[in-house]
Amino acid sequence: MSATVAEEVPVSPLRLGLERFARNRTAVVASGLILLFILGALAAPLIAPHDPADADLFRRLQPPAWQEGGEWAFPLGCDSLGRDILSRLLHGARVSLLVAALVIGIAAVIGTLAGLTAGYLRGWADTLISRLVDTLLGFPYLVFAIGLMAMMGPGLHNIILVLIYKEWVFSCRVVRGETLAAREQDYVEAARALGCGTRHIMLREILPNVLSPVLVVATFRMAYVIIMEASLSFLGLGVQPPTPSWGSMVADGRDFLVDAWWVSTLPGLAILALVLSINLASQGLRDAFDPRLHHA
C-alpha cells in the first residue's frame, strides 16, 4: 500500500505580499485612483476638451455645468482668464506626476548608493555622508526649497533639482541603517570568505535585501514631493505660466474664493485626492511586504 505524500509548493514572498495587498480593499481602491490619475495625465492631450492656455474673457469665472450659468462644454467651469479648468487639471497632473517621478527616482538612486557606501565602508565615508545628511535635515524642507529657488530662479528643471538636493537624504538614512545590520549577517560573511570584492558584496549581496524598505519610503515620499511642488508653484517659484500646475491654479483663485469657489477648490481637491491615495497605497504596501508584521 503506497501513500502519496503531498509536497507543499513554496510560495514566493512577492506572491504572498501581492495576495495580502489585494485583500486590503482601501489600498486597492487607492491604487485604482492613482492609476486613474496617471492615465488621465498621459492621455491629457487627447481627452482634454480644450487647450489649457486658451483664454476667453467672455467666459471669465464661468461656473461649473451643474450651476446656473454653466455649460457642459466647460464642465468644471473656467478661471479668471476664461481658461477651461478641466483641461488645466488634466495637464497639471502631468506636471505633478512628472516632478514626483523624476525627483523620487533620482533621489532614491543617489540615496541608496550613498547609504550603501556609508553603511558598509564606515570610516571617513560614513562620517562625511552622515554629517552631510544631518546638515541637510537641519533645514526645514520648504524654507530650504524656497531659498534655492530664489537663487536659481523658477522653472520645471530647477524645481526638480531643488527637490532632489534634499530628498535623497531620506533614502540614504534608511539604506545606511539596513546596511549596518546586513553587513554582519552570515551571507555577507560567507561572501567575504569566498573572496568577493567590496563592490560585489554591496551591489549583489546587500542591495537586493535593502530595496524593500527603500521602495516603501519612496512611495511615501512621493506624496510629500507633490505637496512641495504645489507649494512652490503656489508661491510663484515653481512651474511658470502658461504651463498649468495645480499649485498655481490654487493661487489663481484665492481672490475669488467666495464668488468663484471652483477656481481654487477643484485643484485643491485634486491634490488632496492624489496625495491621500498615495499615502493609503503606500501604507498597504508596507503592511503587505513587511515581514515583521507577519509571523506565519
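Since this is a predicted model, take the numbers as computed values, not measurements. Along the sequence shown, the residues carry numbers beginning at 1.
A donor atom on one side chain and an acceptor atom on the other are found under 3.5 Å apart for Gln67 and Trp261.
One distance of note links CZ of Phe170 with CD1 of Ile104; it measures 9.5 Å at 0.5 Å rounding.
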Residue pair Leu89, Trp246: steps toward the side-chain contact (heavy atoms from CB on, under 4.5 Å) verdict: CA-CA 7 Å; Leu89 283 176; Trp246 288 348; 3.7 Å; yes
Candidate pair Ser80 and Phe256, rule side-chain contact (heavy atoms from CB on, under 4.5 Å), full reasoning: CA-CA 9 Å; Ser80 59; Phe256 313 104; 3.6 Å; yes
Check against side-chain contact (heavy atoms from CB on, under 4.5 Å), Met151 and Leu148: CA-CA 5 Å; Met151 291 188 295; Leu148 284 182; 3.4 Å; yes
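Listed for the Asn158 side chain is a donor-acceptor partner under 3.5 Å among the backbone atoms of Gly153. With hydrogens and angles disregarded, a donor-acceptor distance shorter than 3.5 Å links the side chain of Arg94 to the backbone of Ala41.
Considering only heavy atoms from C-beta on, Leu61 stays 4.5 Å or farther from Asp79 through its side chain.
For Lys166 and Phe139, the positive end is not near the middle of the six-membered ring at less than 6.0 Å and at most 45° from its axis. Relative to the ring axis of Tyr120, Arg176 does not place its NZ or CZ within 45° and under 6.0 Å from the centre.
Remark: Arg83 does not engage Asp54 in a salt bridge, criterion side-chain N to carboxylate O under 4.0 Å.
Grouping the Ile, Leu, Val, Met, Phe, Trp and Tyr side chains by contacts below 4.5 angstrom, directly or via other members, places Val239 with Ile227. Under the 4.5 Å side-chain contact rule for hydrophobic residues, Leu235 and Met152 share a cluster.
Among all heavy-atom pairs drawn from Ala230 and Ile271, the shortest one is CB-CD1, 3.8 Å.
Applying the salt bridge (charged side-chain N to carboxylate O under 4.0 Å, His left out) test to every pair with at least one member in residues 200-229, sequence neighbours left out, gives these pairs: Glu167-Arg221.
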